[in-house]
Amino acid sequence: MPRKTDLDFFAQVWAVVRAVPPGRVTTYGAIAQYLSAARAARLVGYALRASLNAHPPVPAHRVVNRHGLLTGKFGFSPPTLMAERLQAEGVLIENDRVQNFAQKFWDPSYHLPPAVLFFQQLPC
DNA sequence: TAACTGACTCGGC
DNA sequence: AGCCGAGCCAGTT
């Protein structure tokens, strides 16, 4: 299993997050699993915290934890920005929790081509 | 170089 | 249904 690729782990995470459609959300674990690093969910969160000044921008607000909780909201300024962006896309938030999480959930492993192909077709 | 740190997850109570 | 402890891995110090 090639754990190393031509792209940094961070860059891979960002690429996947950019593929999440507006109005949908995904989880750290789902991204990690898609990247063949199912145990690296924490790293995904770590990568997202570093994504705030990434180019092109990363829609980090569409990534929540497995309970649909907005655990990363403190990475935004103000922290309410994460919930506001989601609600602007039609995702209902209550008490920092995504409502109808099961319906809004978007799984990269299901909706995206295999990671190898996905990164192959990526520009740059 | 070794130790510490997380925007997490899973399983057991 | 919600809390607690252990495992996880790349980056940073």
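Reminder, nothing fancy here: chain letters follow the sequence lines and each chain counts from 1.
- Contact of the A:L122 side chain with the A:F119 side chain is registered, since non-hydrogen atoms from C-beta on lie closer than 4.5 Å.
- In this structure, A:N95 places its CG atom 17 Å from P of C:dA1, rounding to the nearest Å.
- The distance between atom CZ of A:R97 and atom C1' of B:dA7, rounded to the nearest whole Å, is 18 Å.
- The CZ-C1' distance, from A:F10 to C:dC9, rounds to 11 Å in whole Å.
- Considering all non-hydrogen atoms of both residues, A:D96 and A:K73 come closest at OD2-NZ, 2.9 Å.
- Between the CD1 atom of A:I31 and the P atom of C:dA10 there is a distance of 17 Å, given to the nearest Å.
- Summarising the geometry, the separation between OH on A:Y28 and P on B:dC10 is reported as 14 Å, rounded to the nearest angstrom.
- A:W14 and A:A50 make their closest contact through CZ2-O, 3.6 Å (heavy atoms, listed as atom of the first residue, atom of the second, distance).
- For the residue pair A:H61 and A:E89, a side-chain donor N or O sits within less than 3.5 Å of a side-chain acceptor on the partner.
- Note that CD of A:E84 is 11.0 Å distant from CZ of A:F76, once rounded to the nearest 0.5 Å.
- A:Q33 places its CD atom 13 Å from the C1' atom of B:dC10, with the value rounded to the nearest Å.
- Between A:R39 atom CZ and B:dC10 atom C1' there is a gap of 10 Å when expressed in whole angstrom units.
- Proximity of residues 41-79 of chain A to DNA chain C (heavy atom under 4.0 angstrom from any strand atom) is restricted to A:R42, A:L43, A:Y46.
- Summarising the geometry of A:V98 relative to A:V64, their closest heavy-atom pair is CG2-CG1, 4.1 Å, with the distance given to 0.1 Å.
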